[in-house]
Amino acid sequence: MSVKISDIDSYCFSEVEGHWQRQWLERGAFRASTGENKPKYYVLEMFPYPSGKIHIGHVRNYTIGDIVARYRTACGFAVLHPIGWDAFGLPAENAALKQGVHPKDWTYSNIETMKKQQQALGLSYDWEREFATCDEQYYGFQQKIFLALYHNGLVCRKEAEVNWDPVDHCVLANEQVIDGCGWRSGALVEKRTLFQWFLRITEFVDELLSEIDNLDGWPDKVKIMQRNWIGRSEGCSITFKTNTQEDVEVFSTRPDTIFGATFLAISPDHPMVQKLAKTNEEIAKFVEEFRKGSVAQEVLDKQEKTGVYTGINVYHPFTNRELPVYVANFVLMNYGTGAVFATPAHDRRDFEFAQKYNLPVERVVASSDGSNELPYVNDGVLVNSDFLNGLKVEEAKNVIIQRLCDIGCGKRRVFFKLMDWGVSRQRYWGCPIPMVHCVKCGIVPLEEKDLPVYLPYDVTFDRPGNPLDSHPTWKHTQCPMCGAAAVRETDTLDTFFDSSWYFLRFCVNDHTNNNLLENGDVAHWMCVDQYIGGVEHAILHLLYARFFSKALTKCGFVNVSEPFANLFTQGMVSSPTYRKENGDWLFPEEVRRNAVGEHEVVATGEKVFVGGMEKMSKSKKNIVDPDEIIKKYGADTLRLFIVSDTPPERDFPWSDEGLEGCWRFINRIWRLFVHAKSCQVGAGNCGDGAVILLANCGDEAVVQLYKNFQRTIKNVTEALEEKTMNRVVAYLRDGVNSMYLQLDKMEIHRGIFSLIIRDLIRLMAPIVPHICEEAWRMLGFEGLVYNNTWPSYEKEYVRVSIIDFPIQVNGKLRGTIDIAPDEDEEKIFERALAVPAVQNIVSGKVIKKKIFVRGKILNFVL
RNA sequence: GCCCGUGUGGCGGAAUGGUAGACGCUACAGACUUAAAAUCUGUUGUCCUUAAGGAUGUGUGGGUUCGAGUCCCUUCACGGGCACCA
């Protein structure tokens, strides 16, 4: 006898989830294997920084990845789904300073905590491949990569400007400079030039740019951002003769405006200015002022344009007119040639500068809309420009460049915004750079046999600067070339270096394999079929990873041109914020609604200001702790909720009510399974095929239920392919709802219900795997649902036998009629005209046209 | 400033150019219960109407089309990225 659905106890997830998590591990369910004759599929979520605890954004990221991994497994792929830790970096050192913990201990203890949290989510990771970038194995091999890059000419050492904190004696990242001051010391940050290590990413600039076009599986948004970052611009360089010995070379993308040039502007960092500064006090002072400013962008932005006349003039190549040369703070040395010719009439910056210093403004492009406003930067026809007059901008560019080439003072040039990647960090907690400084031999790379250079554990953070520098012994070594005493490089590598190749390391299961990039595993698994992460990595990480694939291919480690075939960028998780009148943030539990429905502080009754949905952050006190949710509702509920309702690429507004709704749904399916068991629905009654069962059924509603469920399978599968998980959940709910409407028939038609429920479990398993494993076992099915196949559907059942067919008059809906899909056209017209609402409008009028689209619509045009 | 993206009920959001609002949340009602909770079943864009029914409706204004949330142009608002890049 079947049980009453309302009598079924609520789902006891705490026992079930732990049980299946252990089962998966014990059975090695998630171990990636290369042996089977299956197509491979590599799913990867961007590996986390071990900051302490998993946050809800991680949960979203991992859940999406896990659903993809489990779905692909069910579809018959051999899936690689690994996880690791991006474990070097500044926060560990900050923790050392604040709490007196060693960065290494802090990091590994965080990893332990977070790993437990991931396991509590039931994620299908192959834990045997786990590693942290601060593992000696990992960074040791990374040093080998660094040497290979060095020997292939992809590493160089140059001077570069950095933010220098004069109190802490350290280099600051741009984000650590706040209003021109160091974030920790509060000291005024200086610009300093230091010798640093660079990776020559610009070597690959053409491929990095052009191959973006091949990344069909990437969001357009990310591709556009990368293109802009690389920033290709075409133009020409022009050499101006000066009234001194030296010529000046400028770069311009608007050489067509050269007849409007009224002065030249050169960067304070330009070699010519450096020289002038030695004899000219005014220039020297200007350069010094310029140097003082931070290199942080936000400071630069607010800066007014200023400059100093150099006393030098140049000669216009065509008019021979003399133009003054200014040192100007708005000209960058690291782009183009560090000098520009200025045409104030057609460039905003030049215009601003000319206004300030009273320099002439001369129009050479007529506006296409007839306005006289300057500066005018759009297309138009050239005027006052000698042989260019009458030409459009693009034509004029070509003519002038040709002319400049002919007279020998111009060249067609292409410049990029992308610059070489500085990887030196004056920090302890990072990968040591395997180089030494020898007094005799200069800079010498270590030999492979001397690797790895271990990071010493016994360091202190009690004095400013890099602990590696102040370590008593570590940096002292011998020169690999001459054997004399030498000093190790004490800079460590940027952590973006660590994350630029970790996806290759995952391909190899053997941690002791020293040739890990040379065996067949990388070739087997690469490229990553689905990469998932936050859009905040759209530029740097993804660009560096692309560069590494190309660079390591050049070095002969791998043969991968693009690492990520498909990229998915998920949105942030946000939640409501509350503040007191004085601006202090409040935790949600500190707020309640009073009798009038207004928000107030629980303790004091103060008025509360409800903010909008904002990205979860500790400071705004609007974070949700995944642990607490799992404790209260279980991992399945959390997983379900985090992909419900909102498409994964959009920002996700957290709501406690929505979470509660998912918990109700989990119980709803649980009651369905328990009820099913009591009706003897399950493995034992799946024997007869659907065709026989349907033929003998005799209950149209049940037959329809089965057929509709075929549609559910189709919809869920299609939505999963598109990664619109919110739709997946909607279709699943819909399927469950229709089953509830036929609950009382389950016992009689247990055969048909067995087929439906079996497929329902398989459909839901990627999202809520624990409850599905439990139901799978409870209903007598063999093995793990994880290893089961993805359900297929019968195409003929998906076709609906009766359509609720819409009838329009003049494009306006006037009624519907029930028809068979292949109903005769004339008959449909007849029946459509019989619809009262249609009749009322049509009667007495002439039907000019009938638009009939089979399966879609009928429209009478009057 | 430049480049993207997004605007649909009270809310999150569905909708190959073809019945707008699937599914969920909220709210309301009915059943069950001594009662409440839970559960099950409904209703829920707005306006008019006792009702049947009608009108209206996807940020704004226009266009293409038999038919537009969807395509094109205009404009506004919000969000994101880049930003002295010559």
Side-chain angles (χ1 to χ4, degrees), chain A residues 4-8 10 219-225 227-229 231-233 235 250-255 257 265 267 297 300-301 303-305 328-332 334-343 347-350 352-353 377 415-419 535-536 538-539 571-572 613 641 644-647 649-662 664-665 667-668 671 715 724 726-737 740-741 743 803-816 836-837 848-853 855-862:
Chain A
K4 230 171 119 191
I5 209 108
S6 56
D7 292 341
I8 298 170
S10 78
D220 287 338
K221 182 168 78 169
V222 174
K223 291 196 275 189
I224 289 166
M225 280 161 76
R227 275 195 202 99
N228 291 343
W229 188 260
R232 183 179 194 274
S233 51
V250 304
F251 175 66
S252 176
T253 54
R254 291 295 304 276
T257 62
S267 167
Q297 199 55 55
L300 281 179
D301 289 349
Q303 227 163 49
E304 205 191 348
K305 289 179 182 47
N329 65 348
F330 69 90
V331 184
L332 307 171
N334 49 25
Y335 190 77
T337 60
V340 296
F341 74 73
T343 309
D347 182 282
R348 278 191 194 90
R349 293 149 302 176
D350 300 349
E352 207 181 303
F353 193 87
V377 296
F415 279 97
F416 296 90
K417 274 198 258 187
L418 183 72
M419 288 186 280
V535 74
E536 66 273 18
I539 298 174
M572 298 180 314
M613 286 296 204
F641 178 52
S644 293
D645 297 347
T646 304
E649 72 276 9
R650 270 195 236 178
D651 286 353
F652 180 93
W654 181 270
S655 90
D656 293 337
E657 293 80 9
L659 178 71
E660 195 75 41
C662 287
R664 282 202 292 269
F665 181 66
N667 276 291
R668 200 166 150 84
R671 282 189 295 273
N715 288 338
T724 47
N726 56 319
R727 284 170 61 230
V728 174
V729 174
Y731 293 135
L732 286 171
R733 291 187 121 124
D734 203 30
V736 170
N737 288 348
Y740 258 81
L741 295 176
L743 269 189
I803 302 172
D804 185 25
F805 192 74
I807 311 299
Q808 295 184 336
V809 179
N810 284 340
K812 225 170 152 55
L813 185 75
R814 291 298 167 183
T816 61
K848 283 192 200 138
K849 216 167 158 185
K850 292 176 207 161
I851 311 278
F852 175 70
V853 184
K856 297 280 185 200
I857 206 145
L858 171 60
N859 186 13
F860 294 111
V861 184
L862 302 182

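Every chain is numbered from 1, with letters handed out A, B, ... down the list of sequences. Please read all numbers here as calculations on a predicted model, not as lab measurements.
Interface remark: the Lys221(A) side chain does not form any donor-acceptor pair with the C4(B) base, using a distance-only criterion of under 3.5 Å.
Within the shown strands, U6(B) is the pairing partner of A77(B) under the Watson-Crick or G-U definition, both distances less than 3.5 Å. For G1(B), the paired base is C82(B) (Watson-Crick or G-U wobble, both distances below 3.5 Å). Within the shown strands, nothing qualifies as a pairing partner of A36(B) under the Watson-Crick or G-U definition with both distances less than 3.5 Å. Checking G45(B) for Watson-Crick or G-U wobble geometry (two distances, each under 3.5 Å) identifies U56(B) as its partner. Pairing partner, C23(B): G12(B), with both Watson-Crick or wobble hydrogen-bond distances short of 3.5 Å. Base pairing of G17(B): no nucleotide in any strand meets the Watson-Crick or G-U wobble criterion (both distances under 3.5 Å).
At the heavy-atom level, Tyr740(A) lies under 4.0 Å from the strands shown only through sugar-phosphate atoms. Contacts of Ser644(A) with the nucleic acid, taken as non-hydrogen atoms under 4.0 Å apart, are absent. Within the 4.0 angstrom heavy-atom criterion, base atoms lie near Thr816(A). Note on Leu741(A): only backbone sugar-phosphate atoms sit closer than 4.0 angstrom, heavy atoms only; bases stay farther off. Heavy atoms of Val250(A) sit nowhere under 4.0 angstrom from any nucleic acid atom.
Rounded to the nearest 0.5 Å, atoms CG (Asn715(A)) and CG (Leu732(A)) are 10.0 Å apart.
In terms of heavy-atom proximity, Leu862(A) sits nearest to Lys848(A) at O-NZ, 3.5 Å.
The aromatic rings of Phe652(A) and Phe641(A) stand perpendicular to each other, their planes meeting at an angle above 60°, with 30° marking the opposite boundary.
At C82(B), none of the side-chain N or O atoms of Arg227(A) fall inside 4.0 Å of OP1 or OP2 (strictly under the cut-off). Proximity of Arg664(A) to the phosphate of C25(B): a side-chain N or O atom is located under 4.0 Å from OP1 or OP2. The side chain of Asn667(A) contributes no N or O atom lying less than 4.0 Å from OP1 or OP2 of U39(B). Contact annotation: Tyr731(A) side-chain N/O to C23(B) OP1/OP2 distance is not under 4.0 Å. OP1 or OP2 of A15(B) sits under 4.0 Å from a side-chain N or O of Arg727(A). In terms of phosphate contacts, Arg733(A) brings no side-chain nitrogen or oxygen within less than 4.0 Å of OP1 or OP2 of A22(B).
Rounded to a whole angstrom, the distance from the C1' atom of U33(B) to that of G24(B) is 28 Å. The gap from the C1' atom of G10(B) to that of U44(B) amounts to 11 Å, rounded to the nearest Å. Taking the C1' atoms as reference points, G21(B) lies 16 Å from G7(B), given to the whole Å. Taking the C1' atoms as reference points, A55(B) lies 46 Å from G1(B), given to the whole Å. Taking atom C1' on both nucleotides, A51(B) is separated from G57(B) by 23 Å, rounded to a whole Å.
Comparing A14(B), U39(B), G24(B) by their closest approach to the side chain of Ser6(A) singles out U39(B). Comparing C23(B), C84(B), A14(B) against the side chain of Asn737(A) picks out C23(B) as the nearest.
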Polar atoms only, N or O, under 3.5 Å: list the protein pairs with nucleotides 63-66 of chain B and their distances.
{"from": "C66(B)", "atom 1": "O2'", "to": "Asn859(A)", "atom 2": "ND2", "distance (Å)": "3.2"}
{"from": "C66(B)", "atom 1": "O2", "to": "Asn859(A)", "atom 2": "ND2", "distance (Å)": "2.6"}

Under 3.5 Å between N/O atoms: give me all the protein pairs with nucleotides 47-56 of chain B, atom names plus distance.
{"from": "U56(B)", "atom 1": "OP2", "to": "Lys812(A)", "atom 2": "NZ", "distance (Å)": "3.3"}

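Nucleotide G63(B) carries an anti base; the chi torsion (O4'-C1'-N9-C4 or O4'-C1'-N1-C2) is more than 90° from 0.
Projected onto RNA chain B by closest heavy-atom contact, Trp229(A) and Asp804(A) fall at different nucleotides, the more 5' of which corresponds to Asp804(A). Heavy-atom nearest nucleotides on RNA chain B were determined for Asp651(A) and for Leu813(A), and the one closer to the 5' end corresponds to Asp651(A).
Rounded to whole Å, atom P of G81(B) lies 10 Å from atom CD of Glu536(A).
For Ile851(A), the side chain to side chain contact (heavy atoms under 4.5 Å, CB included) partners at least two apart in sequence or on another chain are Lys849(A), Val853(A), Asn859(A), Val861(A).
Judged by distance alone, with hydrogens and angles left aside, the side-chain atoms of Ser267(A) form no donor-acceptor pair with the main-chain N or O of Leu332(A) at under 3.5 Å.
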